[in-house]
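Side chains are part of it too, since the values below use all heavy atoms of this structure and drop only hydrogens, waters and symmetry mates.
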Amino acid sequence: MRLQDEPDLPAQINIVPMIDVIFAILTFFIMSTLFLTRSEGLPVNLPKAATAKQQQVPSKITITVNEQGVVSLNKKQVAVDDLTQQVRGLIGSNSEMLVIINADEKVGHGKVVAVMDRVREVPGAKLAIATQRR
């Protein structure tokens, strides 16, 4: 008894594994870029707010007030009295610049208000306060 010959199927290239690899690489790059968007301020315990929003702004200045009340401008320690001149120098000819205040939740209200007051003296400075989501 003779079995019937199977018809020869043309050779095919299976691209499903290649698509899987491309999606894995794409996922890796997406996840790695998400970790690159960290705050430029010094590490402090930010207060929590239910209505907190994250903004991506290309030009910004970060002012950090740590738990001891030490003020830092872009990670460099400054005196509160010199803050207006330093921010004015960083803004320069930029018409509008976002100034983000990262204040530790244990810092006294008066210290944060003093920093905000100094920033408001600079024309063109938009003020924002950093918080964390609950």
Worksheet item: Taking it one step at a time, do T62 and V99 satisfy side-chain contact (heavy atoms from CB on, under 4.5 Å)?
Response: CA-CA 6 Å; T62 305; V99 179; over 6 Å; no
Please step through side-chain contact (heavy atoms from CB on, under 4.5 Å) for the pair Q77 and V71, ending with a clear verdict. CA-CA 6 Å; Q77 188 172 342; V71 179; over 6 Å; no
> Would M116 and I101 count as a side-chain contact (heavy atoms from CB on, under 4.5 Å) if you check the C-alpha gap in whole Å, the side-chain angles of each, and the deciding distance to 0.1 Å?
Replying inline: CA-CA 8 Å; M116 291 172 61; I101 298 177; 3.5 Å; yes
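No more than 12 heavy atoms of other residues, nucleotides or ligands sit less than 6.0 Å from atom CD1 of I15.
The CG atom of L26 sits 13.0 Å away from atom CD1 of I19, with the distance rounded to the nearest 0.5 Å. K126 NZ to I100 CD1: the interatomic distance, rounded to the nearest 0.5 Å, is 12.0 Å.
Residues V122 and T84 come closest through the heavy atom pair CG2-O, 3.6 Å. The nearest pair of heavy atoms linking E67 to D104 is N-CB, 3.8 Å.
Screening N74, V87, V78, N102 for a side-chain contact (heavy atoms from CB on, under 4.5 Å) with I63, the sole residue that qualifies is V87.
The same ILVMFWY cluster, assembled from side-chain heavy atoms under 4.5 Å apart, contains both M18 and F23. Hydrophobic cluster membership is shared by F28 and I25, with clusters built from Ile, Leu, Val, Met, Phe, Trp and Tyr side chains linked at under 4.5 angstrom. Note on V70: it does not cluster hydrophobically with V119, by side-chain heavy-atom contacts below 4.5 Å among ILVMFWY residues. In terms of hydrophobic clustering, with Ile, Leu, Val, Met, Phe, Trp and Tyr side chains grouped at heavy-atom distances under 4.5 Å, F29 and V21 are assigned to a common cluster.
Residue pairs meeting the side chain to side chain donor-acceptor pair (under 3.5 Å) criterion with at least one partner in residues 106-120, sequence neighbours excluded, are D81-R118.
For the side chain to side chain donor-acceptor pair (under 3.5 Å) test, no residue two or more places apart in sequence or in another chain qualifies with Q85.
Residues I91 and I61 have side chains in contact (heavy-atom distance under 4.5 Å, counting atoms from C-beta outward).
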